**Q** 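For reference, the structure I am asking about is given below.
Everything quoted here is computed from the prediction, not taken from an experiment. Throughout, protein chains are lettered first and strands after them, A, B, ... in sequence-line order, and every chain is numbered starting at 1. Both backbone and side-chain heavy atoms feed into the values below; hydrogens, waters and symmetry mates do not.
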Amino acid sequence: MIEIKNCCKKFGKLEVLKNVSLSFQKGECIALIGPNGCGKTTLIKSILGMVLPDSGEIDFEGKSVLGDYRYREKIGYMPQIGRYPDNMTIGQIVDMIKQIRNHDADIDEELMKSFELEKMFDKKMRTLSGGTTQKVSAVLAFLFNPDVLILDEPTAGLDPLASEILKEKIIREKEKGKLILITSHLLSELDELITEIIFIQEGEVCFHKKVADLKEEIQVDKISKAIAKILKRKQYEKVG
Amino acid sequence: MKRLVNIILHDIVRNKIVLVYTIILAALSWSSFALEDTSSKGLLTILNVILFTVPLVSILFSTIYIYNSAEFIELLLGQPVTRDKIWKSLFAGLSLSMVLAFLIGAGIPLLLYAPDVTGFMMIVVGSLITVIFVGLAFLSSILTRDKAKGIGIAIMQWLFFALLFDGLVLFLLFQLADYPIEK
């Protein structure tokens, strides 16, 4: 569904993406993990067309995303740090996005109800706490029933109850056959969600494996342990 | 694009600064026509307003507005809209609201008190100058990410076009007065 071919991106001298090639299919739930500043968010933003890669190609359903924008109708994006116009209320933001998308058919307000955001519809964005802003981002990402969901650190800043609601929602969407891309540092949270894992380090893809294969290979039952083991092994290789 | 312009226009009107600007322009124009006994003196006062106040308000308000809508732009980028459309709608929304404010504030008294070629010219020139300075505001806000710097650049541009440029032309005019252009 999404195909990334030899993608490179530099910010000044800093090489953020080095020859990244990946492909994502429908029905997968993929975790992008890696240390801070390794290029996860840049990768996501280049899929969305917010960052233009220096070289390489990104295809969405077989068509290049360069110069196109219609494909974004099929993507729901939840940014890591949602920034919203200060003096708009939650209700106004939701209405505005609805107007822009002009998408009347099947609007998915389930998350809005379970987060009880409707009660706070006339609160201004600037008065919201970080967690509530995250909730608004999540609601906006799921609102239009998109085929692809891109969630950048979805559970960071959410209280346990809200993050549980969000996780359940993600699982339900996954079962509908949608492609879900998640970046997260909370490996323990990913266990129930994901089917594939991509590890990025310094702008390069270290590996892209199915979770089941990974667990079998390393002989552990938790993703977090598997990753820790791999990282240790890598360090050994560096020292040796 | 229409929807976007609509949203931006609503946001600007809600801001109320444009309303205040309209009222001040109206007060200045009405009083200058009412105080002077001939309409040509009133026209002169309004000409000064158009030459100094209108560009200053247009460029400053627009620059600050663009900086403040950084979040709005970021939000839109994740949606199915092109960057092109976002910028064009921002430009259209800002210039439309500023031109409307000018037309309501200064245009109506001009039409009533000086319904001739001069009055009409001033309305057209005032609208054009508004649009041009909104455009310059885009330039200054894109040149730098730093808000204070951007507003500084905007003020410098206004200073240059409103005062320095005229001074420069006058200076050259007097300096080169000894060299007649016609032979």
**Q** Where does Asp11(B) contact chain A at under 4.5 Å (heavy atoms): side chain, backbone, both or neither?
**A**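 Contact with chain A involves the side chain of Asp11(B) alone.
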**Q** Below 3.5 Å, can you tabulate the donor-acceptor pairs from side chains in residues 149-159 of chain B to any protein atom, sequence neighbours excluded?
**A**
from      : atom 1 : to       : atom 2 : distance (Å)
Trp158(B) : NE1    : Phe52(B) : O      : 3.1

**Q** Would you confirm whether the ring centroid of Phe61(B) sits within less than 6.0 angstrom of the ring centroid of Tyr21(B)?
**A**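 Tyr21(B) vs Phe61(B): aromatic centres not under 6.0 Å.
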**Q** Indicate yes or no: does Glu110(A) engage Lys169(A) in a salt bridge with an N to O separation below 4.0 Å.
**A**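 Counted as a salt bridge, because a side-chain N and a carboxylate O are separated by less than 4.0 Å.
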**Q** Pairing donors with acceptors under 3.5 angstrom, does anything connect the side chains of Gln79(B) and Arg72(A)?
**A**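 There is no such pair between these side chains.
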**Q** Near Ile81(A) CD1, under 6.0 Å, is it more than 12 heavy atoms from other residues, nucleotides or ligands?
**A**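 No, not enclosed.
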**Q** Could Lys174(A) and Glu28(A) be called an ion pair, given the rule that one side-chain N must be under 4.0 Å from one carboxylate O?
**A**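 Between Glu28(A) and Lys174(A) there is no salt bridge, as every charged N stays at least 4.0 Å from the carboxylate O atoms.
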**Q** Under a 4.0 Å threshold between the charged nitrogen and the carboxylate oxygen, would Lys10(A) count as salt-bridged to Asp54(A)?
**A**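 Salt bridge: no.
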**Q** Under the side chain to side chain donor-acceptor pair (under 3.5 Å) test, which residues partner Glu202(A), sequence neighbours left out?
**A**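 With sequence neighbours excluded, Glu202(A) shows a side chain to side chain donor-acceptor pair (under 3.5 Å) to no residue whatsoever.
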**Q** Ile7(B) versus chain A, heavy atoms under 4.5 Å apart: side chain, backbone, both or neither?
**A**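 Answer is side chain: those atoms of Ile7(B) sit under 4.5 Å from chain A.
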**Q** Classify the side-chain pair Thr130(B)/Ser127(B) by whether it contains a donor and acceptor separated by less than 3.5 Å.
**A**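 On atom types as modelled, these side chains do not qualify, holding no pair under 3.5 Å.
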**Q** Salt-bridge test for Glu175(A) and Arg172(A): reply yes if a basic N is under 4.0 Å from a carboxylate O, no otherwise.
**A**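 Looking at Arg172(A) together with Glu175(A), the answer is no, because their closest N to O distance does not fall below 4.0 Å.
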**Q** Using only non-hydrogen atoms and a strict under-4.5 angstrom cutoff, which residues of residues 84-97 of chain A touch chain B?
**A**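 The stretch touches chain B at Tyr84(A), Pro85(A), Asn87(A), Met88(A), Gln92(A), Ile93(A), Met96(A), Ile97(A).
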**Q** At what distance, to the nearest 0.5 angstrom, does CG of Leu76(B) lie from CD1 of Ile86(B)?
**A**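 Rounded to the nearest 0.5 Å, the CG-CD1 separation comes to 4.5 Å.
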**Q** Name the region of Thr82(B), side chain, backbone, both or neither, that has any atom closer than 4.5 Å to a heavy atom of chain A.
**A**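 Backbone plus side chain of Thr82(B), per the 4.5 Å heavy-atom cut-off to chain A.
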**Q** Using only non-hydrogen atoms and a strict under-4.5 angstrom cutoff, which residues of residues 37-44 of chain A touch chain B?
**A**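 Result: none.
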